[in-house]
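Heads up, the thing below is written out as structure tokens.
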Amino acid sequence: MLSVLALLAPAAGIAYLGAVSYRDEKGAVNAQQERQRQAALAIAGRIDRAIGETLDAVDRTIDSGGDRVDTPLGRYWFWIDGDGQLKRPRIVQAMEPPVSLSRGCAFGLEDCVRELTTRQGRLAKLHAAQAAEGAGAWTDARRQYTQLASADDTGPAALLGLARVLGKLGDAKGADAQLAELDRRFPDRNFEGVPVKLATAVLRAQSPDALLALAEQIVGGAFDVDAIVKVGVLTRLRERLAADLPPALAARRAALDERMAELRNLARMAAGLADDVPELVHTATASWRGHAAAHQAGRILIYRRRPDNTVTGIAVDAHMLEAAAGHENSDDVALHVRPLVLPTGAKGPPDQRELERIPLGEALSDLSLALVNPQSDPDPLDDIIRGRSRRHVVFTSALALALGLGLLAMIRGAARARELAQLKSDFVSTVSHELKTPLTSIRMFAEMLEQGVAQGDQAKMHRYHGVIVQESQRLGLLIANLLDYAQIEKGTRRYTPTREQAGELARHAVTTFEALRGEGPRNPIEVEVSSDASVMVDRDVVVQALLNLVSNAAKYGGEHPIEVRVAADDLMASISVTDHGPGIPAHEQARIFREFYRAPEAYRSGVEGTGLGLALVKRHIEALGGTVEVASTIGQGATFTIRLPREAA
Ligand code: ADP
């Protein structure tokens with residue numbers, strides 16, 4: 001029963017633990033996955049909010065007539081008017097409007113043709129003048145430009161050329177005068193998108209300081225021109241700046257370079273946006289939506305229609321969206337975790353582990369948000385599982401150990417049971433033999449007496465009677481032992497304690513034993529009472545125990561004398577039986593008290609016995625509250641000591 005429990009309990013424990021830890025582990029993994037999902041949702045929410053706020057800021061900027069949207073996503077904002085034209089950023093304007101012919105044609109077709117021919121002639125002259133200027137023929141160029149300066153169509157270009165040529169000829173004053181005239185006569189004209197005002201300012205600026213000041217004005221929006229024009233003019237101004245500038249100017253130049261890079265982006269975007277405009281106008285609704293730009297997959301256009309039917313929007317890239325989400329503590333579901341905005345369906349970078357991926361919502365259906373951490377970092381799920389499984393392993397090993405011990409106990413139990421079965425079967429044959437031997441002697445001597453074998457020989461007859469008595473007594477002790485054992489086994493053995501003197505009990509046992517002993521060699525038995533004590537015991541039981549010990553001493557101790565000693569201390573009385581026989585090896589000393597156990601030596605020596613005597617001694621004496629123990633040195637004999645509690649104690 002116990003060993004079955006010892007096996008079942010740990011086995012059930014392992015099964016239970018397995019189930020619990022599986023559930024536990026699954027729960028922990030689910031919890032981590034849910035945390036990752038919540039973090040991703042929160043980041044997506046923040047991106048959504050940033051977009052909404054930026055679009056509102058764009059609206060406010062438009063309403064206030066401003067130029068800048070001060071949010072991280074508002075850097076490249078755009079605005080398309082009701083006619084589907086980009087209002088901002090503006091695309092480079094049409095070339096200089098063709099000179100109107102209507103005035104020249106007022107008097108009929110002939111005038112028209114004449115006007116057209118002279119205009120073509122003037123244009124040819126303008127080209128010749130520009131060629132002369134290009135070749136460095138300053139005076140020729142000056143003459144030709146002067147002739148063209150008065151005309152309405154070639155005037156602006158001629159005046160500008162004249163100013164340049166005069167500058168080359170060292171006539172700064174003259175050049176200035178030409179520029180002033182240009183400003184006065186043609187304030188509304190432009191050269192390929194560069195307004196006259198700006199063109200003259202560029203020519204006037206000479207010193208690095210003046211060049212930088214003009215560039216800063218352009219950047220600051222002093223001239224109402226497109227980004228592309230701005231970039232073109234700025235590039236030209238920038239080229240005219242000397243390489244080595246004093247530190248203060250160099251710093252201004254660096255700042256200028258930065259703004260130019262920005263403008264270049266804006267210009268590029270304006271150019272890129274042109275292709276998307278029809279699509280944006282077509283699909284814009286009051287609530288915002290977004291998609292990748294037609295020719296640049298990396299650029300995402302997010303836009304919506306305003307109540308005035310114009311369309312506003314922003315151009316962003318994945319990185320800007322990630323940055324706009326910012327960082328919050330709830331994002332940290334693992335070490336070094338960060339958000340990545342990716343086209344839906346696209347794989348993330350190979351060195352990053354995707355912890356979670358969610359779509360960025362209906363408005364940005366082309367994009368998804370991935371929460372990633374580096375592959376080189378531990379997987380947070382692994383971490384959780386590892387932590388749990390470590391605990392699991394500890395528990396399971398402990399239980400497995402218990403299971404192993406249980407198994408061992410069971411094996412030992414089985415071995416013990418087998419041993420016991422063997423002992424019992426040995427016992428049956430031994431007992432039969434033990435019963436038979438005295439019975440045979442008794443019958444033999446009784447028959448001899450009956451047949452008158454000892455007729456007339458008193459001594460012989462006395463000896464025959466003696467054998468019969470002695471053998472019956474031996475039989476009696478044996479049967480008493482057997483009955484005792486049966487009673488003890490059944491648990492029905494009762495003890496009747498009476499007050500006894502330990503010394504008297506010892507003497508009585510020895511006298512009884514002497515009476516039982518037959519003829520033949522007998523070893524002397526000496527009783528020595530050093531201090532006597534009274535004990536409350538079942539007299540018969542103690543005497544029978546002592547008889548067993550003395551009988552063993554006589555059986556196994558050879559012809560050497562036997563000593564029986566009685567002593568007492570404050571608590572206990574002790575009776576010991578010492579023989580000087582072969583002794584009992586240490587490893588046998590515990591076994592000899594087991595039922596039916598007989599040492600191999602006992603079998604070898606041919607001494608008869610049942611293996612029951614010492615077992616009964618031990619059970620009886622312990623039942624009386626005492627102890628029995630053995631001390632022995634091989635070759636020198638053995639001492640069995642019974643200790644009984646003193647009556648006073
Ligand atoms: P048995 O009927 O065999 O004597 P016991 O229970 O009295 O059974 O003793 C058990 C075994 O202990 C004996 O078989 C013997 O091997 C050993 N034994 C007992 N007493 C002694 C002794 N005085 N000297 C040596 N061996 C002894």
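The chain is numbered in sequence order, starting from 1. Counting starts at 1 for both ligands and their atoms, following the listed order.
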Quiz prompt | Of Leu546, Ile584, Asn548, the residue whose pairing with Phe640 passes side chain to side chain contact (heavy atoms under 4.5 Å, CB included) | solution = Ile584
Quiz item: Hey, does Tyr597 sit under 4.0 Å from ligand 1 if you only count heavy atoms?
Solution: yes
Practice problem: Return the option from Asn548, Thr639, Leu614 holding the heavy atom at the smallest distance from atom 6 (O) of ligand 1. | Solution: Leu614
Exercise. Tell me yes or no: between the side chains of Gln38 and Glu34, is some donor less than 3.5 Å from an acceptor?
Key: yes
Quiz item: Charged N to carboxylate O under 4.0 angstrom, Glu489 versus Arg619?
Solution: yes
Quiz item: Just going by heavy-atom distances, which of Val550, Ile592, Ile584, Val577 is nearest to atom 25 (C) of ligand 1?
Solution: Ile584
Quiz item: Any N or O on Ala638 sitting closer than 3.5 Å to an N or O of ligand 1?
Solution: no
Self-check item: Phe445 ring center within less than 6.0 Å of His465 ring center
Solution: no
What donor-acceptor contacts under 3.5 angstrom involve side-chain atoms of residues 404-417, with partners at least two apart or in another chain?
none

Quiz prompt | Pair Arg499, Ser534: side-chain N/O donor-acceptor within cut-off below 3.5 Å | solution = no
Practice problem: State plainly whether the residues Glu504 and Arg507 are in salt-bridge range, i.e. N to O under 4.0 Å. | Solution: no
Exercise. Between Leu612 and ligand 1, find which residue part has any heavy-atom pair under 4.0 Å and reply side chain, backbone, both or neither.
Key: backbone
Exercise. Run the numbers for me: atoms of ligand 1, each under 4.0 Å from some heavy atom of Gly609, listed by number.
Key: 1 (P), 2 (O), 3 (O)
Quiz item: Purely on distance, is any nitrogen or oxygen of Gly611 under 3.5 Å from one on ligand 1?
Solution: yes
Quiz item: Do any N/O atoms on Glu608 end up under 3.5 angstrom from N/O atoms on ligand 1?
Solution: no
Practice problem: Find all atoms of ligand 1 within a distance of less than 4.0 Å from any non-hydrogen atom belonging to Ala599, and give their numbers and elements. | Solution: 14 (O), 16 (O)
